[in-house]
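In what follows, a single structure is set out as structure tokens and then discussed.
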Amino acid sequence: MSLTEAIITYHDLLTDDVAAESQEQLDEQLRVRGLFFGDRPLCTVLRPRFLTPQQYTYMRHGIRPLLTAFEKISHAAVADGEFRAQFGLFDWEESLIHIDPGYKVHAPLSRLDSFFITENDELELKFTEYNAEVPAAGAYNDVLNEVFFGLPAMGRFLRQYAVRPVPTRHSVLHVLLNAYRQFGGGRKPQIAILDWQEVPTRSEFELFLAYFNTQGIQARIVDPREVEYRDGALYDGDFRIDLIYKRVLITELIERCGLDGPIVQAVRNRDVCMVNPFACKLLYKKASLAVLSDERNDSLFDEAETAAIRDHIPWTRVVEERRTTYRGMPVDLLPFILKYREQFVLKPNDDYGGRGIVLGWQTNTSGWEGAVQTALETPHVVQERVRIPNEPYPSIIDGRLQIFNRMLDTAPFVFHGEYADGCLTRLSTDPLLNVSAGGGSTVPTFIVERRDL
């Protein structure tokens with residue numbers, strides 16, 4: 001099946017009346033369901049992302065050996081301080097990663113952010129970041145699935161194509177409960193969805209809260225500043241917390257509540273189960289991709305892992321004065337990246353939302369030299385530039401339907417540290433492609449096949 005044909009078919013169905021009716025319904029559904037990032041609507045286009053079954057299978061198969069490689073380097077880092085130095089942990093993080101969470105996997109809930117070229121039967125998949133700490137937007141994705149299924153344009157499209165969503169909230173809950181069972185929890189847990197009261201993603205927490213309640217799970221959205229640790233248990237008021245669904249960033253948690261705060265104490269004493277654990281900080285570091293792709297670590301990986309790293313992880317190195325290899329050739333790292341800036345990206349080792357990222361091809365020589373100097377002073381990685389795909393998406397602007405190309409990423413959700421299921425897609429006119437950076441649009445991802453005629 002041609003993906004281009006499916007996209008053209010959908011766009012052709014957007015007559016003036018259908019487009020206007022679909023936009024009106026989309027706007028109403030976003031409002032009613034609270035699908036906003038802060039005060040910005042999550043979605044501003046009238047078409048979801050489409051993938052063929054073959055493309056979706058290719059993506060899932062490419063991910064599986066990478067997940068075993070990530071877990072391998074994470075456990076090796078906890079066990080070996082010399083190896084762990086490659087990740088660039090801060091001193092305060094060193095103490096936290098050794099806290100036993102009560103279950104084995106260091107990143108049971110995660111999301112891989114990638115760029116997936118699917119043009120003209122070409123498949124190229126490059127994972128540029130691993131969100132192993134607080135993978136967001138799973139609930140947003142599920143509810144956007146429902147919203148788009150109800151649009152008039154989709155109703156017409158369904159007459160010609162079979163469309164399959166891949167929901168994720170049930171998998172999130174299964175991961176949480178599985179971790180709790182391994183932890184030794186003997187009954188149905190009370191769950192705290194943990195993050196600051198004022199964050200713009202609170203609307204997603206409310207979607208998870210409603211879903212957990214439908215599954216018979218008592219849950220509450222909890223601000224870390226409001227909890228108490230008393231009598232061997234963690235509480236929010238009179239609500240005893242058995243299991244933390246951690247959405248707060250570890251760095252922010254420690255900055256605001258301290259290393260001896262009630263949450264850290266309760267987790268350390270095994271009086272509460274927390275997902276993801278503190279050890280996820282290792283894989284959240286951008287340096288985790290450098291550890292995978294650095295020739296110094298080749299012997300750690302089996303044949304399948306090595307092939308997946310070669311095919312799907314762009315060349316990444318921690319910025320430092322050293323000799324390394326690039327496509328099999330020896331290079332002096334700093335002179336090399338200074339000379340070929342248009343081929344590289346600089347990223348802070350521990351940040352999110354696109355903050356601090358410098359794109360070499362959008363920077364002049366002096367600006368790049370300054371960025372490299374900054375990268376030497378504070379932990380950064382340098383990563384090879386990858387191709388960014390684009391697709392046409394329809395939206396109503398100034399009362400008129402307009403279709404124009406937007407860049408897009410592909411961010412599959414990962415469960416139990418073992419497999420990918422479901423996929424976040426973000427659209428933007430900016431190469432950073434990050435909604436939290438202040439722009440872009442989130443769309444659901446559907447698997448499409450032409451109906452047998």
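- Between I117 and I388, the closest side-chain pair of non-hydrogen atoms is not below 4.5 Å.
- Looking at heavy atoms from C-beta onward, F212 lies in side-chain contact with L173 at the 4.5 angstrom threshold.
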Worksheet item: Would R268 and D100 count as a salt bridge (Lys or Arg N to Asp or Glu O under 4.0 Å) if you check the C-alpha gap in whole Å, the side-chain angles of each, and the deciding distance to 0.1 Å?
Response: CA-CA 7 Å; R268 181 182 286 118; D100 180 7; over 6 Å; no
Practice prompt. Could you walk me through whether R111 and E133 pass salt bridge (Lys or Arg N to Asp or Glu O under 4.0 Å), step by step?
Written response: CA-CA 9 Å; R111 194 187 72 221; E133 186 175 348; over 6 Å; no
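- Donor-acceptor pairing under 3.5 Å is recorded for the side chains of S293 and R317.
- Between the side chains of E5 and Y161, at least one donor-acceptor pair of N or O atoms lies under 3.5 Å.
- At a cut-off of 3.5 Å, with distance as the only test, a side-chain donor of Q86 or N297 sits close to an acceptor on the other residue.
- For the side chain to side chain contact (heavy atoms under 4.5 Å, CB included) with F87, the lone residue among L282, N349, I97 that qualifies is L282.
- Between the side chains of Q383 and W315, no donor-acceptor pair is found at a separation under 3.5 Å.
- For the pair R47 and Y393, the distance from NZ or CZ to the six-membered ring centre is under 6.0 Å and the angle to the ring normal is within 45 degrees.
- No side-chain N or O of R49 forms a donor-acceptor pair with one of T445 less than 3.5 Å apart.
- More than 12 heavy atoms of other residues, nucleotides or ligands sit less than 6.0 Å from atom CD of E122.
- Atoms CG and CG, on L427 and D409 in that order, are 8.5 Å from each other to the nearest 0.5 Å.
- Taking 4.5 Å as the limit, some side-chain heavy atom of V275 sits within range of a side-chain heavy atom of L109.
- Rounded to the nearest 0.5 angstrom, R181 CZ and L176 CG are separated by 10.5 Å.
- The pair E94-R84 counts as a salt bridge, with a side-chain nitrogen and a carboxylate oxygen less than 4.0 angstrom apart.
- Under the 6.0 Å cut-off for aromatic ring centres, F157 and F50 qualify, their centroids lying closer than that.
- The side-chain hydrogen bond (donor to acceptor under 3.5 Å, both in side chains) with D27 is formed by just one residue from the set Q29, Q23, R31; it is Q23.
- The side chain to side chain contact (heavy atoms under 4.5 Å, CB included) test with E129 is passed by exactly one of L112, L289, I357: I357.
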Item to complete: Start with the C-alpha distance between E124 and R387, add both sets of side-chain angles, then the distance that settles salt bridge (Lys or Arg N to Asp or Glu O under 4.0 Å), and finish with yes or no.
Response: CA-CA 9 Å; E124 178 183 291; R387 290 194 294 163; 3.2 Å; yes
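- With no hydrogens or angles considered, no side-chain donor-acceptor pair links N276 and Y284 at under 3.5 Å.
- Counting heavy atoms from C-beta on, the side chains of K126 and S114 never come closer than 4.5 Å.
- In this model, no donor atom of one side chain and acceptor atom of the other lie less than 3.5 Å apart for S110 and N131.
- Using the six-membered ring where Trp is involved, Y419 and H416 have ring planes that are tilted, between 30° and 60° apart.
- A distance of 4.0 Å separates CD1 in I309 from CZ in F301, rounded to the nearest 0.5 Å.
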Discussion item. Between E449 and T52, is the side chain to side chain donor-acceptor pair (under 3.5 Å) condition met? List the steps.
Written reply: CA-CA 7 Å; E449 293 183 274; T52 68; over 6 Å; no
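- In this structure, D242 CG and R187 CZ are separated by 4.5 Å, a value rounded to the nearest 0.5 Å.
- Taking the six-membered ring for Trp and thresholds of 30 and 60 degrees, H106 and H75 have nearly parallel ring planes, at less than 30 degrees apart.
- A heavy-atom distance below 4.5 Å is not found between the side chains of Y10 and R156.
- Between the side chains of K286 and T316, not a single donor N or O lies within less than 3.5 Å of an accepting N or O.
- The shortest distance between side-chain heavy atoms of F415 and V172 falls below 4.5 Å.
- Contact between L346 and A375 at its shortest, heavy atoms only, is CD2-CB, 4.2 Å.
- Side chains of T9 and Q160: a donor-acceptor N/O pair is absent below 3.5 angstrom, by distance only.
- V443 and V45 get closest at one heavy-atom pair: CG1-CG2, 3.4 Å.
- At least one side-chain heavy atom of T4 sits less than 4.5 Å from a side-chain heavy atom of I8.
- With values rounded to the nearest 0.5 angstrom, D236 atom CG is found 8.5 Å from D223 atom CG.
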Side-chain donor-acceptor pairs under 3.5 Å in residues 201-209, sequence neighbours left out?
unit_1	atom_1	unit_2	atom_2	d
R202	NH1	Q197	OE1	3.3
S203	OG	G34	O	3.3
S203	OG	F36	O	3.0
S203	OG	Y140	OH	2.4
E204	OE1	A137	N	3.1
E204	OE1	R247	NH1	3.3
E204	OE1	R247	NH2	2.7
E204	OE2	A137	N	3.0
E204	OE2	G138	N	2.9
E204	OE2	A139	N	2.9

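- Of the inter-residue distances, the one linking D298 atom CG with R310 atom CZ reads 11.0 Å to the nearest 0.5 angstrom.
- When ring centroids are compared, F149 and F446 come within the 6.0 Å threshold.
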